[in-house]
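Here is the structure we will look at.
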2 protein chains.
Amino acid sequence: MSAIVRLESAEDPRLDDYANLKDVTLRRSLEVEHGLFLAEGAKVIRRAVAAGYRVRSFLLSERWLDGLADVVTASGAPCYVLPPDRLEEVTGFAVHRGAIASMERRPLPSVAEVIAHARRVLVLEDIVDHTNVGAIFRGAAAFGVDAIVLAPRCADPLYRRSVKVSMGTVFSCPYARMDNWYDGLDALRAAGFTLVALTPADDAVDLDTLAMGDESGGAERLALLLGTEGDGLSARWQDQADVRARIPISAAVDSLNVAAAAAVACYVLTRDVPPPA
Amino acid sequence: MSAIVRLESAEDPRLDDYANLKDVTLRRSLEVEHGLFLAEGAKVIRRAVAAGYRVRSFLLSERWLDGLADVVTASGAPCYVLPPDRLEEVTGFAVHRGAIASMERRPLPSVAEVIAHARRVLVLEDIVDHTNVGAIFRGAAAFGVDAIVLAPRCADPLYRRSVKVSMGTVFSCPYARMDNWYDGLDALRAAGFTLVALTPADDAVDLDTLAMGDESGGAERLALLLGTEGDGLSARWQDQADVRARIPISAAVDSLNVAAAAAVACYVLTRDVPPPA
């Protein structure tokens with residue numbers, strides 16, 4: 001049974017998990033030190049709980065209490081209720097749909113574990129924008145990508161903004177973080193993945209051709225490498241890839257946003273994957 | 001020749017075009033009344049100027065002056081230079097790359113004009129998020145969509161956030177706004193467009209099938225209808241469409257973000273369009 005605690009003041013130490021949500025740098029160290037992350041909105045909170053994450057506490061405005069009563073009760077975690085304007089005072093912004101929960105992080109699985117039975121994998125090299133990370137997870141989950149592997153400097157999928165934009169798919173799509181960027185692709189290669197570097201470069205192979213198996217030999221296991229927002233994939237990772245592929249776009253446009261490019265590539269590269277036996 | 005005016009104070013009436021940039025409601029009325037819009041960042045400013053928009057004024061921090069000197073000089077518009085912290089004081093946020101310009105809006109072309117020679121058109125029904133509108137334009141431009149038609153309540157492509165996210169493609173992709181939602185699709189139908197409603201509904205046709213021409217008869221002219229973020233397309237527009245199409249996604253995921261869905265659909269539906277004769 002969990003305790004519903006109605007608070008009047010934003011200055012309560014029990015609300016420390018929710019402080020300064022707009023300060024990304026401060027939040028990053030706070031969340032890592034305390035091993036927590038935040039889920040916003042009733043739907044996303046439900047998905048986190050369904051995925052087995054343990055709730056540290058809830059912070060709600062009164063009118064969202066009924067809609068989450070079953071989750072709150074089942075969790076056994078304290079549920080702090082604040083007037084809506086006080087809620088905003090704690091977090092520093094208008095809380096999405098008036099409900100937020102602080103959840104316990106879990107140890108991530110290893111790269112070997114998440115790729116063990118995967119056929120389609122995304123590998124994110126230093127995507128630094130939390131919105132892009134969340135959007136990439138949402139697209140990957142929609143198209144049935146089996147796992148996502150992050151380079152050491154890729155932004156955190158459990159950061160509040162990533163979680164929200166992903167619509168909670170960061171909880172269901174298995175992911176792991178490589179220890180070391182330099183040799184990070186070796187594990188995928190050793191496991192028999194064809195490494196496909198996505199690039200807007202003119203001399204790359206058309207992604208459509210690749211999907212037909214002409215270049216990749218109809219790869220049983222395929223890992224799509226996506227580079228950072230500004231500069232794209234590093235030269236090292238492009239060199240290490242088996243094939244460099246591009247999405248054919250108009251010469252008048254520089255590039256697609258990385259999340260849009262990822263969605264298109266996931267659509268193309270998962271189309272020909274037969275369902276598991 | 002344009003005047004470089006170094007200002008020390010954020011409280012200068014010449015900076016009124018740039019005030020309160022975080023207040024969306026206030027900005028909307030201010031921009032409409034004064035017939036202006038804002039372009040942020042040197043690259044986007046250049047694209048607006050290249051597309052023929054007239055500059056009302058520039059607002060820069062000192063270090064961005066050299067990089068835009070040619071554009072500033074050619075424009076004849078006043079160029080206000082402020083210390084970076086003052087710049088933020090005017091606008092209410094950290095200005096992207098320290099350069100912003102106030103530009104004059106132009107009358108939009110009519111729907112008839114933008115669709116006259118188009119083969120692939122997007123129709124946006126009440127997309128309310130400026131980020132999504134900008135992202136949809138970027139994807140549409142990348143895949144060579146010929147024109148975009150907006151429902152009366154669709155968000156403004158020239159709003160600062162849309163412009164920025166679009167990477168300036170709102171300046172190059174022709175668009176028009178229909179006067180009336182109820183009969184808004186009539187002009188497209190009369191012009192011989194096959195109307196394709198994009199929906200996540202299970203009973204819709206697979207988009208791939210459509211692209212092969214099985215359902216649309218390999219439409220010469222095709223208009224893709226995209227609905228609002230929350231509820232998707234209205235029942236009326238779905239009824240009016242010739243075909244309802246879906247992007248096949250995992251049953252475990254509700255939907256794609258509308259901009260990601262638009263990018264995938266544009267990729268699929270423009271692939272088989274031969275280049276203009």
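So you know, we letter chains A, B, ... as the sequences are listed, proteins then strands, and number each from 1. Below, all heavy atoms of this structure are taken into account, side chains as well, without hydrogens, waters or symmetry copies.
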- Query: With chain B, which of A:Gly144, A:Ala262, A:Ser255 has the greatest number of heavy-atom pairs at distances under 4.5 Å?
  - Reply: A:Ser255
- Message: Report which part of B:Ala142 has an atom under 4.5 Å of a heavy atom belonging to chain A: side chain, backbone, both, or neither.
- Response: both
- Note on the structure: Most heavy-atom pairs under 4.5 Å with chain B, out of A:Val165, A:Ile249, A:Thr131, belong to A:Ile249
- Task: For atom CG of A:Asp231, decide whether the heavy atoms of other residues, nucleotides or ligands shown that lie under 6.0 angstrom number more than 12.
- Result: no
- Task: Measure A:Ala141 against the heavy atoms of chain B and call it side chain, backbone, both or neither at under 4.5 Å.
- Result: both
- Query: Would you find a donor on one side and an acceptor on the other, under 3.5 Å apart, between the side chain of B:Asp146 and the backbone of B:Arg120?
  - Reply: yes
- Item | Backbone N/O of B:Met167 and side chain of B:Arg138: donor-acceptor pair under 3.5 Å | no
- Task: Report the relative orientation of the aromatic rings in A:Phe171 and A:Phe37; use parallel for angles under 30°, tilted for 30 to 60°, perpendicular for over 60°.
- Result: tilted
